[in-house]
Amino acid sequence: MLQISFIREHPQEVVNRLKIKNFDASQLVKQIIATDELRREAQTRLDETLAEANKLAKSIGQLFKEGKREEANDMKARSAALKASSKSLAEALEKHNDELHELLVQLPNLPHASVVPGKTSDDNEIIHTEGEIRDAGEKALAHWDLAKKYRIIDFELGNKVTGAGFPFYRGKGARLQRALINFFLEEGVKAGYEEYQPPLLVNEDSAYGTGQLPDKEGQMYAVPVDGLYLIPTAEVPITNIYRNVILKETDFPVKNVAYSNCFRREAGSWGAHVRGLNRLHQFDKVEIVQIRKQDDSYEALEEMREYVASLLRKLELPFRILRLCGGDISFTSALTYDFEVFSEAQKRWLEVSSVSNFESFQANRMKLRYKTKEGKTLIAHTLNGSALALPRIVAALLENNQTENGIKIPEALVPYTGFEMID
RNA sequence: GGAGAGUUGGCAGAGUGGUCGAAUGCGGCGGUCUCGAAAACCGUUUUCCGGUGACAACUGGAACAAGGGUUCGAAUCCCUUACUCUCCGCCA
């Protein structure tokens, strides 16, 4: 959510910058400013009425003490009238507040100056490519075939027990999952992140805080009887730690890493290109979250980008980094880097990580602030990134490392798996 | 799940209808003292929304778990919800 004060002072800039995201904000901004004006008027009138009522109540008390009962009773009548009008003013104010809020949440975050216009993912800029792409040859198997051949992931069994998109991992497949999770967490801790193990279900306030509600309600599994939601990413509980919090300067930088299962309904997004591990309803992911002061959040973003690159390097996977164009960047993000690894049997790039700076967009909605040395209270900046999501990493590891004798585990991972080959 | 008690400022903890945004202690910040530090002493210390004015300042309103109610007036009385604690039951 953008700050109302910013919109009020820079309406044209908001409209111009949102054009990069192919979002026509001109009407919305007009409505927001008009509603804000109504809201402030109502606030002023309510305050005046309440001020009078407060004064009156005080003098009534005084009169009672002095025994002037009759005068007091006269004033009571006036007070009652004030009460009625303050009530209707309060209702009007609340209505304006709600309306304003409803309008504000429709406005996407402003893109960073480096974000280029564009319509779709085809317009994303490839800013870095690294690693060797080998020709896996005609006989190369896709990961779903490899999974079956080595009996390490069982999709059919998942279908039977739960449904599509909920596979079983077994044997060395399960151990590979566990190894990757540990590897990612250990690397995160080494890089200065504090490890958290969050709840997998969150309440409505939390789902709202990071913007899953109301925008992406249909994407989350819900437990309505308890008012809870299954998290689509650890970002939700981890960022919500700081909901309604005012940090001190000395608390910075906040760097957290968390592993969680992630649950996504992915309604209506199934098809041939999402076979196997390419898209799941339940998957594993290690997430990094940073909270920064306003002046160094972009340094943090670059640091996170380099960190994610270092993970892929250690896993010896060929990857590239994209800077998302205005049309592909998310509603809440100001600047996003996507990481894709090349899957040699499918012969396509698979997105494995998304690293974003949300600037104050999330923090404003969550009321996450910090106090400067001078005593000013500012909205913090939030950033997060996958580091990393497992399924597509596993898909690429299986496909890229297949040999006649089995699947070779990258060296960096062997201490975690305890084996060098899946065979 | 049953019975009872509770939820106040960063923390501890007063406050049972008006003088309470809220005592006191601790912590934090600034200062005096000191070569420096500790101790002591002095001062200061929540947040949000408005208005005037604009690096300051002044001023109105709101918030004592959340929401609603009673009352001229609520931290204080009533109701609902959430959470915490104690005892019992159940249990990985």
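Each chain gets a letter, A, B and so on, in the order its sequence line appears, and its residues count up from 1.
Which of B:rG50, B:rA62, B:rU70 sits closest to the side chain of A:R8 comes down to B:rG50. Listed nucleotides B:rG50, B:rG61, B:rG18 differ in distance to A:R40; the shortest reach to its side chain belongs to B:rG50. Side chain of A:I60, nearest nucleotide from B:rG61, B:rG50, B:rC72: B:rC72. The side chain of A:S79 lies closest to B:rC72, out of B:rC49, B:rA62, B:rC72. Nearest to the side chain of A:D47, among B:rG51, B:rC49, B:rC72, sits B:rC49. For A:A57, taking side-chain heavy atoms from C-beta onward, the closest of the listed nucleotides B:rU71, B:rG18, B:rG51 is B:rG18. Looking at the side chain of A:K87, the nearest of the listed nucleotides B:rG73, B:rG60, B:rG69 is B:rG69. Candidate nucleotides B:rA62, B:rG73, B:rC49 were compared by shortest atom distance to the side chain of A:L50, and B:rA62 ranks first.
On the P atoms, B:rC91 is 28 Å away from B:rU81, given to the nearest whole Å. Spacing between B:rC29 and B:rA82 at atom P, rounded to whole Å, works out to 41 Å. A gap of 12 Å separates the C1' atoms of B:rC72 and B:rG17, to the nearest Å. Comparing B:rU16 with B:rC78, their P atoms sit 14 Å apart, to the nearest whole Å. B:rC26 and B:rU34: their C1' atoms are spaced 25 Å apart (whole Å). On the C1' atoms, B:rA66 is 15 Å away from B:rU84, given to the nearest whole Å. Using atom P as the reference point in both B:rG9 and B:rG1, the two lie 28 Å apart (nearest Å). For the P atoms, the distance from B:rU59 to B:rG21 is 16 Å, rounded to whole Å.
Cation-pi check for A:K172 over A:Y150 is not met; the charged atom does not lie both under 6.0 angstrom from the ring centroid and within 45 degrees of its normal. A cation-pi geometry, defined here as NZ or CZ lying under 6.0 Å from the six-membered ring centre and within 45° of its normal, holds between A:R305 and A:Y337.
Across all strands shown, the partner of B:rC26 is B:rG10, judged by Watson-Crick or G-U wobble contacts whose two distances both fall under 3.5 Å. Across the strands present, B:rG4 finds its partner in B:rC85; the criterion is a Watson-Crick or G-U wobble pair with both atom distances under 3.5 angstrom. Base pairing of B:rU76 is not made with any nucleotide, judged by Watson-Crick or G-U wobble geometry with both donor-acceptor distances under 3.5 Å. Under the Watson-Crick or G-U wobble criterion, with both distances below 3.5 Å, B:rC33 has no partner in any strand shown. Summarising the base pairing, B:rG17 is matched to no nucleotide, lacking a Watson-Crick or G-U wobble pair whose two defining distances lie under 3.5 Å. In this structure, B:rA57 forms a base pair with B:rU52, meeting either the Watson-Crick or the G-U wobble geometry with both donor-acceptor distances under 3.5 Å.
For A:Y307 and A:Y193, the ring centers sit closer than 6.0 Å to each other.
Residue A:K58 contributes atom NZ, which lies 11 Å from atom C1' of B:rG73 at whole-angstrom precision. A:E41 places its CD atom 17 Å from the C1' atom of B:rG60, with the value rounded to the nearest Å. With rounding to whole Å, A:D205 atom CG is found 10 Å from B:rA66 atom C1'. One interatomic measurement links the two molecules: CG of A:N97 to P of B:rC48, which rounds to 15 Å at whole-angstrom precision. Between the CD1 atom of A:I246 and the P atom of B:rU45 there is a distance of 16 Å, rounded to whole Å. A:N244 places its CG atom 13 Å from the C1' atom of B:rU46, with the value rounded to the nearest Å. Atom NZ of A:K76 and atom P of B:rU71 are 10 Å apart (whole Å). What separates CD of A:E52 from P of B:rG50 is a distance of 23 Å, to the nearest Å.
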Exercise. Under the ring pair (Phe, Tyr, Trp, His ring centres under 6.0 Å) rule, what do A:Y370 and A:F252 come out as? Steps first, then yes or no, please.
Key: CA-CA 9 Å; A:Y370 66 99; A:F252 288 100; 5.1 Å; yes
Practice problem: Given side-chain hydrogen bond (donor to acceptor under 3.5 Å, both in side chains), test A:R392 with A:S343 step by step and report yes or no. | Solution: CA-CA 9 Å; A:R392 294 176 192 161; A:S343 211; over 6 Å; no
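A pairwise comparison of heavy atoms in A:L324 and A:V115 identifies O-CG1, 3.8 Å as the closest pair.
Under the 4.5 Å side-chain criterion, counting only non-hydrogen atoms from C-beta, A:F361 is not in contact with A:H381.
Annotation: of the two residues near RNA chain B, A:T377 and A:E48, the 5′-most nearest-nucleotide partner is A:T377. Heavy-atom nearest nucleotides on RNA chain B were determined for A:A80 and for A:A51, and the one closer to the 5' end corresponds to A:A51.
Aromatic ring orientation, A:H112 versus A:Y298: tilted (interplanar angle from 30° to 60°).
Look at A:N54 and you'll find a side-chain N or O under 4.0 angstrom from OP1 or OP2 of B:rA62. At the phosphate of B:rG50, neither OP1 nor OP2 sits under 4.0 Å from any side-chain N or O atom of A:R45.
If you check every strand for non-hydrogen atoms under 4.0 Å, A:K367 touches nothing.
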